[in-house]
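Take a look at the structure set out below.
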Amino acid sequence: QGQIVESGGGLVQPGGSLRLSCTASGRINRLQAMGWYRQAPGKRRELVAVISSGGRTDYADSVKGRFTLSRDNANNTGYLQMNDLKPEDTAVYYCNAPCGYFSGRVYDSPACASGYWGQGTQVTVSS
């Protein structure tokens with residue numbers, strides 16, 4: 001199977017922006033939803049945004065209005081534009097198939113049982 005590669009993280013001041021990218025060849029195809037997760041130090045990994053194959057987006061309340069998802073199905077790539085970043089956004093960000101209940105929908109796919117994760121990309125928001 002393929003792999004998931006996240007990139008675009010870095011150190012940014014509060015109020016700044018970053019754009020994360022995710023290539024998911026062989027893991028998330030163009031007919032599947034793509035989710036972005038994050039895991040802050042000492043906390044569980046949480047799903048924060050989902051984009052369907054058709055481009056419908058859902059966001060956790062904590063990022064709504066600040067984060068924007070998009071995807072390029074032709075290249076199996078997803079993007080997470082993060083604006084107005086806050087220190088509490090500091091985390092390792094991952095993309096993967098969305099799993100479980102999120103924003104009124106239940107997501108499930110074979111990827112949810114695989115246990116596979118990419119290496120993630122670190123986002124640090126600090127002055």
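Predicted, not measured: the structure shown is a model, and the values here were computed from it. The first residue of the sequence shown is numbered 1, and numbering continues consecutively from there.
A distance-only check finds a donor-acceptor pair linking the side chain of N29 to the backbone of L31 [under 3.5 Å]. For the pair R27 (side chain) and G2 (backbone), a donor-acceptor distance under 3.5 Å is present. Here the side chain of Y107 pairs no donor or acceptor atom with the backbone of M34 at under 3.5 angstrom. Checked by atom type and distance alone, the side chain of T77 pairs as donor or acceptor with a backbone atom of N75 at under 3.5 Å.
To the nearest 0.5 Å, the span separating CG on L47 from SG on C99 amounts to 8.5 Å. Note: M82 CE to L80 CG = 5.5 Å, rounded to the nearest 0.5 Å. Here D72 contributes atom CG and C22 contributes atom SG; the two are 12.0 Å apart, rounded to the nearest 0.5 Å. Considering CD1 of I28 and CG of N73, their distance stands at 11.0 Å, rounded to 0.5 Å.
Side chains of V5 and Q3 form a contact here, defined as non-hydrogen atoms less than 4.5 Å apart. For the pair L85/L18, a side-chain contact is recorded, criterion being any heavy-atom separation below 4.5 Å from C-beta on.
For residues 84-98, the pairs satisfying side chain to side chain donor-acceptor pair (under 3.5 Å) are R38-D89, R38-Y93, R66-D89, with sequence neighbours left out. Among pairs with a residue in residues 19-61, those fulfilling ring-ring contact (aromatic ring centres under 6.0 Å, His included) read Y37-W117, at least two apart in sequence or across chains. Residue pairs that meet the side chain to side chain donor-acceptor pair (under 3.5 Å) test with at least one member in residues 4-25, sequence neighbours left out, are S17-N83.
In this structure, A74 and R30 approach most closely via the heavy-atom pair O-NH2, 4.0 Å. Listed here is the closest heavy atom pair of I4 and Q119: O-OE1, 3.8 Å. Here the closest heavy-atom approach between residue P98 and residue A33 is recorded as CD-O, 3.3 Å. Closest approach of G9 and V123 over heavy atoms only: CA-CG2, 4.1 Å. Shortest non-hydrogen contact noted between Q32 and R71 is O-NH1, 2.8 Å.
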What side-chain donor-acceptor pairs closer than 3.5 Å can you find for residues 49-57, not counting sequence neighbours?
residue, atom, partner, partner atom, Å
S52, OG, G54, N, 3.3
S52, OG, G55, N, 3.2
S52, OG, R56, N, 2.9

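In terms of the side chain to side chain contact (heavy atoms under 4.5 Å, CB included) criterion, residue partners of D61 (sequence neighbours excluded) are, by chain and number, K64. Residues forming a side chain to side chain contact (heavy atoms under 4.5 Å, CB included) with S127 (at least two apart in sequence, or on another chain): P14.
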